[in-house]
Asks: 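Next up is a structure, given as structure tokens.
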Amino acid sequence: MLATLLIEWRINFGFEYITMNIPNRLIYKLTIQILFALSVITSNVFADELKDISNLSDQGQQAAALERINAYLAANPKDPQAMFMKGIILVESGKRDDAIKNFTDLTSKYPNLPEPYNNLAVLYADAREYDKAKKRLKRRLKRIQATPQHTKI
């Protein structure tokens, strides 16, 4: 995304870039390199945080994992992978109603993701609410048919 913005900037404001003197060009190039490095570092930090949270959950420390995923989501509320992970942690913690609410929110915010529909269907089937489970699976199938290359978490 950053590269796209920069390309658009250079196209839209290319004349100003060409007329910059050498010290300004160096500052410009240095600024771009710093911004790119920061974006790479930030994405790696977030990926490591989610991996650490997943490890906590895998070790049976759901309370700690839930606390950390909530903190992560407070800082990154639009991260579908973290939202999905929260749902899994809630299921593993025995909080099925909260998990259902979480996966339902995820399907409304990211309707093209098939995984939350699957998890909702499993949770409803486990609660013997077969009509709701069937409904979720049908919605999932409609989403897949509407978008042949569905988004993965």
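Side chains are part of it too, since the values below use all heavy atoms of this structure and drop only hydrogens, waters and symmetry mates.
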Asks: Compare all side-chain heavy atoms of L141 with those of L137 and state whether any distance is below 4.5 angstrom.
Replies: no
Asks: Side chains of N55 and K51: does their closest heavy-atom pair fall under 4.5 Å?
Replies: yes
Asks: Side-chain contact, heavy-atom cut-off 4.5 Å: N119 with F84?
Replies: yes
Asks: Output all residues satisfying salt bridge (charged side-chain N to carboxylate O under 4.0 Å, His left out) with R96, sequence neighbours left out; order by chain, then residue number.
Replies: D126
Asks: Report, as yes or no, whether the 6.0 Å neighbourhood of atom CG on D58 holds more than 12 heavy atoms from other residues, nucleotides or ligands.
Replies: yes
Asks: In Å and rounded to the nearest 0.5 Å, what is the CD1 to CE distance from I53 to M85?
Replies: 6.5 Å
Asks: What is the minimum heavy-atom distance between S57 and Q62, and which atoms define it?
Replies: O-NE2, 2.9 Å
Asks: Please check this pair: side chain of N102 against backbone of D98, looking for a donor-acceptor N/O pair closer than 3.5 Å.
Replies: no
Asks: State the NZ-CG distance between K132 and L123, to the nearest 0.5 angstrom.
Replies: 11.5 Å
Asks: Please, which pairs that meet salt bridge (charged side-chain N to carboxylate O under 4.0 Å, His left out) have at least one residue in residues 104-113, sequence neighbours excluded?
Replies: K101-D105
Asks: Taking atom CG of L113 and atom CZ of F103, what is their separation to the nearest 0.5 Å?
Replies: 11.5 Å
Asks: Do the side chain of T104 and the main chain of I100 share a donor and acceptor less than 3.5 angstrom apart?
Replies: yes
Asks: Is there a side-chain contact between L50 and I69 in this structure, where contact means two heavy atoms from C-beta onward sitting under 4.5 Å apart?
Replies: yes
Asks: Y124 and side chain to side chain contact (heavy atoms under 4.5 Å, CB included): which partner among R136, K134, K135?
Replies: R136
Asks: Compare all side-chain heavy atoms of D52 with those of Y72 and state whether any distance is below 4.5 angstrom.
Replies: no
